[in-house]
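Heads up, the thing below is written out as structure tokens.
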Amino acid sequence: MNILSIETSTPASSVAIGIDGSVTGMSVNVDRRGHVGFLMPAIDFCFARAGWKPRDIDIVAVDIGPGPYTGLRSGIATAQAFAAAVGAPMVTVSSLTVIAVRAATGRRRIWPVVDMRRGQFAIAPFRPLPGGVAPDGSPEVVSPEYFKALLESEGSDSLVVGDWEAMPDATWTGLHKVRKGRPRYPSAETILEIAARKASKGMVTDADNIRPTYMREPDVQINWSTFRSEGAWPS
Amino acid sequence: MSGPLILGIETSCDETGVAVLEGMKVRSSVLASQVDLHARFGGVVPEVAARAHVEAIRPLVHQALTMAGVHPDELDAVAVTQGPGLVGALMVGYSFAKALAYSLGKPLYGIDHMEGHLFAPRLSFARYEPPAVVVLASGGHSQIVHVKGWGDYEVLGGTIDDAAGEAFDKLARFMGLGYPGGPAIDKDAVDGDPEAISFPRALRDRPYDFSFSGLKTSVVTYLEKAKKDGTLPPRADVSASIQEAIIDVLVAKTFNAVEATGVEVVGGGGGVLANSRLRKRLAEEADARGVGLFVPEPALCTDNGAMIASVASYRMERGQPGDPLTGDVLPGLRLGS
Ligand SMILES: [Zn+2]
């Protein structure tokens with residue numbers, strides 16, 4: 001089973017190709033503005049190295065967020081178009097899961113962090129399992145203060161991974177049961193491994209059903225002092 | 001076959017447009033309008049627009065191909081708006097188009113949205129050819145363009161503040177006529193007297209430029225005073241007078257350019273060109289001067305995928321190659337530069 005995986009939910013974008021979860025080609029780019037220009041040349045590079053053609057792909061896997069950048073949508077649109085063109089089913093994964101899987105060691109509860117910008121962070125708890133992780137609660141978008149309180153109330157030891165460096169240092173003071181670790185960003189390599197497992201269990205979907213995970217409402221600023229709704233005709 | 005089969009994708013603002021063209025013949029053209037989504041804000045919200053594009057694009061491409069009876073493998077090229085526009089909105093269409101073209105093994109043509117508007121009349125009129133003067137007016141842009149030849153454009157002038165469509169939107173909102181403002185005022189003005197109130201026509205001394213902020217102030221001042229004095233005219237008269245003020249300026253500047261350049265072909269594009277009164281006034285003026293007027297049907301004036309594909313069709317038939325894979329969106333793209 002030949003898989004193409006695409007990651008654009010954080011400043012680090014990456015693509016990978018591989019067979020049944022083992023990676024044969026990969027390309028990474030850390031530049032939060034460069035997603036659109038990076039993706040297709042990177043995919044083409046991987047294909048050229050492996051001697052693959054687009055039609056050789058059986059599964060297209062993509063990270064559907066949460067992620068703060070408009071780049072997330074460029075990865076999803078790329079994956080959708082690719083899957084539609086070659087008639088391949090898709091596998092979707094959450095950025096939080098991708099980060100947590102790489103951190104899966106020991107017995108600590110794992111808290112991946114994605115910087116959503118403007119002082120907000122997407123988080124979710126995971127439980128380590130042999131060879132993977134299992135969700136252990138719902139994802140949330142929180143402030144660093146709220147996250148600190150959450151970790152303080154935890155009875156067990158915790159491992160925070162992902163982009164925790166984007167949180168203020170004060171977040172970590174006095175948290176004795178908390179360790180911080182890597183990876184900082186999700187990667188296409190990990191998506192490929194997860195996708196191989198999901199696809200083998202039949203957990204695939206159609207390109208039409210893919211939606212980004214936003215976890216917050218769009219920014220809308222209405223100037224209510226000058227905004228007049230319908231019916232304002234001065235009669 | 002009468003030309004290459006091209007899929008055109010447009011996502012620069014608030015409409016997802018997809019079309020299949022065969023040469024200059026529209027085989028299918030579909031649109032997912034976001035007007036309702038943005039209506040409660042009285043304007044386009046960039047993040048709302050980008051979210052809607054990503055939901056609409058894949059089903060719309062499928063629909064356009066199905067309606068045209070074209071299998072993706074039969075396409076000769078994929079065309080997509082590269083700019084100008086909202087960056088997040090452009091990225092959805094551009095990323096989708098690039099991946100589609102690549103995985104089908106077809107060339108990708110990144111198209112200037114404004115050049116798409118300049119080409120759109122060709123889809124309706126075989127005789128529409130440069131040299132021409134084209135008036136482009138919508139919620140996002142208002143320009144008078146001298147089309148010297150295909151690919152050779154000089155922007156003679158444009159708005160120095162609000163776009164014409166934006167002026168319609170803001171005034172319609174002030175009058176409580178809803179969004180989008182152009183169609184609302186057009187409809188309300190039908191029974192109105194366009195000469196009831198004389199609102200100002202700005203920048204008379206600059207032949208090709210317009211400004212609509214003075215008109216806005218003048219309408220607001222007028223209505224507030226009339227309300228206080230109890231001399232408020234029927235709303236239709238106000239709508240008709242506002243509309244006439246905007247249209248007068250667009251028509252005058254267009255034909256200033258026709259006179260100065262000596263062209264015998266006049267074109268139009270952009271959502272404001274769907275306005276029935278503007279179309280009538282342009283036609284009268286063109287008749288009086290004996291020049292040809294080529295304003296396509298309203299669905300080809302507003303943003304659509306067919307106009308994007310038409311530029312690619314022209315380029316492809318002249319053997320111009322597609323774009324490199326490294327291309328990115330160009331939100332600040334400017335015609336003629
Ligand atoms: Zn337009």
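To find a chain, count down the sequence lines: A is the first, B the second, and so on, and within it residues start at 1.
- Residue with the most contacts toward chain B among A/I76, A/I57, A/T70, A/D44: A/D44 (heavy-atom pairs, distance under 4.5 Å).
- Minimum heavy-atom separation, B/V48 to A/P218: CG2-CG, 3.7 Å.
- For A/F47, the part sitting under 4.5 Å from any heavy atom of chain B is the side chain, from C-beta outward, and nothing else.
- For B/R51 and A/E217, the salt-bridge test fails: no basic side-chain N is under 4.0 Å from an acidic carboxylate O.
- Looking at heavy atoms from C-beta onward, A/R55 lies in side-chain contact with B/L104 at the 4.5 angstrom threshold.
- With rounding to the nearest 0.5 angstrom, the NE2 atom of A/H35 is 7.0 Å from the CE atom of B/M91.
- Looking at B/P72, neither its backbone nor its side chain comes within 4.5 Å of chain A, counting heavy atoms on both sides.
- The closest side-chain heavy-atom distance from B/E55 to A/R211 is below 4.5 Å.
- Residues B/S95 and A/T78 approach most closely at CB-OG1, 3.6 Å, considering heavy atoms.
- Checked by atom type and distance alone, the side chain of B/K98 pairs as donor or acceptor with a backbone atom of A/V36 at under 3.5 Å.
- For the residue pair A/A85 and B/L100, the shortest heavy atom distance occurs at CB-CD1, 3.8 Å.
- Annotation: side chain of B/V54 is in contact with side chain of A/P212 (closest heavy-atom distance under 4.5 Å).
- We find the CG-OG distance between B/L90 and A/S74 to be 12.5 Å, quoted to the nearest 0.5 Å.
- In terms of heavy-atom pairs under 4.5 Å with chain B, the best-connected choice from A/K53, A/M40, A/Q80 is A/M40.
- In terms of heavy atoms, A/P54 sits closest to B/Y102 at CG-CE2, 3.9 Å.
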